[in-house]
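First the proteins, then the strands, lettered A, B, ... as listed; each starts at 1. Please read these numbers as outputs of a predicted model, since none were measured by experiment.
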Protein chains: 2
Amino acid sequence: MAMAKPSRTRRITIADVARAADASVSTVSRVLNGIGTVDPALAERVRLAIEELGYRPSAAAQGLARGRSGTIGVLVPDLANPHFSDLVKVFSAAVRDLGARVLVMDSDEDPAVERELAEDLIRYADGLLLCAPRMPRADLAALVARGLPLLVANRQEPGLALHSVCIDVHGGLLAVCGHLAQLGHRKVAYLAGPEGSWANRERLRALSGARSFGLEVTVLACGSLTDDGYAAGPAVLDTDATAVVAYNDFVALGLLSRLTELGVRVPGDLSLTGFDEIDLARYSSPPLTTVAVPRYDLGRAAGEALARLMAGEDDLESRTLPVELRVRESTGTA
Amino acid sequence: MAMAKPSRTRRITIADVARAADASVSTVSRVLNGIGTVDPALAERVRLAIEELGYRPSAAAQGLARGRSGTIGVLVPDLANPHFSDLVKVFSAAVRDLGARVLVMDSDEDPAVERELAEDLIRYADGLLLCAPRMPRADLAALVARGLPLLVANRQEPGLALHSVCIDVHGGLLAVCGHLAQLGHRKVAYLAGPEGSWANRERLRALSGARSFGLEVTVLACGSLTDDGYAAGPAVLDTDATAVVAYNDFVALGLLSRLTELGVRVPGDLSLTGFDEIDLARYSSPPLTTVAVPRYDLGRAAGEALARLMAGEDDLESRTLPVELRVRESTGTA
DNA sequence: ACGGACTGAGAAAGCGCTGTCTCATCGCCG
DNA sequence: CGGCGATGAGACAGCGCTTTCTCAGTCCGT
């Protein structure tokens, strides 16, 4: 004989609390939100009832009544990438201080999915943070037109009144180039990152700027993962470059591993740079020359910016955060 | 003269759509949810109106009316740890197929915060996934008592009817010990992970089990980060161990780096093992002997289990997923 | 002792949906 | 040709809160 399911106990509502505390629903609400004045004794009774019943206001009902959900949608291309999980972590801590929660979605680097998820997030969220969106400009514009507070991290789109916070990728890679040039390198290979990525475009822009100080750049399609860097080993050796600029630290470490296997010494035979400074960069052998990006500040800045957007300030200028070159032992004279 | 703020345009509601399509609200709802039968012509008119107005149903209103939010709460100790961000990623993809979204919170490894966030998540979510919760048993019990679908990943609590999916940490570390014993090691040092962590307790249990095949274990407090491993270098050398079992790959790689700096050869002077198999493990020099855990399967399994819990099935047995020892070059004969 | 300014607290109208109930309408069989 | 089951579609009552409005007391000045 099948045991009846324990019939999901009815939700405890504010009315239950009111009844238990012998107060009105409005009063309970007041106590809950600390709005208006309530007689201390009554308030205490209410608090007690809340405690005893284990009452928690329904987020849906609050959201509906208040007209805002207290939720911010965050869209990332790949949550498994520490760059983004770090950002989400910091951002979510930042907005929690504002009383907001974060709904994360992962587009798996697919621009089409990205648009769709963003539309879905809108239904839930009071504001949106788009991290390094790969979607076409038109989609981005459509999203902006929806009118809800929208912030973009690490992408700029000239002419599209986009509020954004960005890392100074261009400046960072320029610094890398300067460093390499100073060491006497003339020919460098660049292991390129994801196609649609703004960060990749910025790096390319810096690279072409670096021609002005005599750098000759070969661009090799690669990717953003350790495996991609490892795989790129032979291709790199096919060039006559004396230095390799990897898209990021993962790629650099993957390549470093392959080079070590192949008996190529770093920086003796080949100099190598990364980007983003992951923890392990200081711990590889040799330690990696890379660019430190202010992850924490980025998340923080995004949180603040979105807070202000949601408060109705619309005169926000976009911010670009400075980066810092970290010279270590993976780079040497040509 | 200050430009008036564009007065946040009123939300487009289902009523607007009904009006535009010259249909009733109920009909629009039917079309939206594909429930009941609607005349094809009318349905088409509705769809058109939705399209034209750019209407999106409010998640809050739907949630309130339906009695469920379509959101699942996920609580992790540290989203910056790839172990968890990977899990969240896979899990969230898994439950999206169910039409659910994921609300992530990060407790920063603080058991007290953990409890609080979990309580908050309940207000938003239809179900909860607690990842490697560090909270005391009593708090966990209180959460279970709340009655909503609750799943725990990587923690077991005997006697607490907890639905869980776990990695076979014990088995994995036992395999590591066996491997080391076979190589002739007798004295090993264990770099311990976070205090409250079940995974750490399981490792310790395996270690004490390993005494049966003659292993003598020194436990050193450490942590779960690369830096912790790096810092533990001298302490490790103070022991007379011939092999080091690190809490995870990060710790192992940190230690490896320090050992390299100190001129200690791995595995010549000291064997070293990790756990969790991060990407970089194969790319260190030497490549790291570690334990591969089925991250993907874990997320998948969690998604399925929670789906079934939410469907009312309460007879779920807990699952433990098998792991695999990956022998590489960081371990050698004693 | 009486009117005006406050203060504390309840009643009730939404918020934007869903889902049930009800009501037309229509085709069809007897 | 009347009655009956289908079928399509609207009305309406919630869902659990917030918030305005209203009202009964209080406290004071005159």
| Of the nucleotides D:dG16, D:dG8, C:dT7, which has the atom closest to the A:Thr37 side chain? | C:dT7
| request: First locate atom CG of A:Leu103, then atom OG1 of B:Thr71, and finally report the distance between them rounded to the nearest 0.5 Å. | output: 6.0 Å
| query | Rounded to the Å, how far apart are A:Glu44 CD and C:dA9 P? | reply | 14 Å
| task | Side-chain contact test, heavy atoms from C-beta onward, threshold under 4.5 Å: evaluate it for B:Arg96 versus A:Met105 and give yes or no. | result | yes
| task | Could you tell me the separation between the CZ atom of B:Arg68 and the P atom of C:dC17, rounded to a whole number of Å? | result | 16 Å
| said: Apply salt bridge (Lys or Arg N to Asp or Glu O under 4.0 Å) to residues A:Asp16 and A:Arg11 and explain how you reach the verdict. | reply: CA-CA 9 Å; A:Asp16 297 322; A:Arg11 194 179 223 297; over 6 Å; no
| note | Here the distance between atom P of C:dC17 and atom CG of A:Leu64, to the nearest Å, is 9 Å
| query | Does the distance from a Lys or Arg side-chain N to an Asp or Glu carboxylate O, for B:Arg134 and B:Glu114, drop under 4.0 Å? | reply | no
| task | Mind calculating the distance between CG (A:Asp126) and P (C:dC15) to the nearest angstrom? | result | 18 Å
| request: Could you state the atom-to-atom distance from CD1 of A:Ile35 to P of C:dA9 in whole Å? | output: 16 Å
| message | Is there a side-chain contact between A:Gln62 and the phosphate of D:dT18, meaning an N or O under 4.0 Å from OP1 or OP2? | response | yes
| message | Can a donor-acceptor pair be found, under 3.5 Å and without considering hydrogens, that links the side chain of A:Arg45 to the backbone of A:Asp22? | response | yes
| message | Measuring to OP1 and OP2 of C:dC17, would you say a side-chain N or O of B:Ser29 lies under 4.0 angstrom away? | response | no
| request: Answer yes or no: is there an ion pair linking B:Lys89 with B:Asp86, defined by an N-O contact shorter than 4.0 Å? | output: no
| Bend across the helix from C:dA1-D:dT30 to C:dG30-D:dC1, to 10°, with axes taken over 5 pairs at each end? | 60°
| message | Check this for me: does the side-chain of A:Arg30 come within 3.5 Å of the base of C:dG10 through a donor and an acceptor? | response | yes
| request: Could you tell me whether the side chains of A:Ser26 and A:Ser29 share a donor-acceptor contact shorter than 3.5 Å? | output: no
| query | Can you check the A:Arg45 CZ to C:dG8 P distance for me, whole Å? | reply | 15 Å
| query | Do the side-chain N or O atoms of B:Ser24 get closer than 4.0 angstrom to the phosphate oxygens (OP1, OP2) of D:dG10? | reply | yes
| Any donor-acceptor pair under 3.5 Å joining the side chain of B:Ser26 to the base of D:dA11? | yes
| message | Reading DNA chain D from 5' onward, which residue's closest nucleotide shows up sooner: B:Leu42 or A:Val25? | response | B:Leu42
| message | Distance check needed: D:dA6 C1' versus B:Asp39 CG, whole Å only. | response | 15 Å
| message | In whole Å, I'd like the distance from the CZ atom of B:Arg10 to the P atom of C:dG16. | response | 7 Å
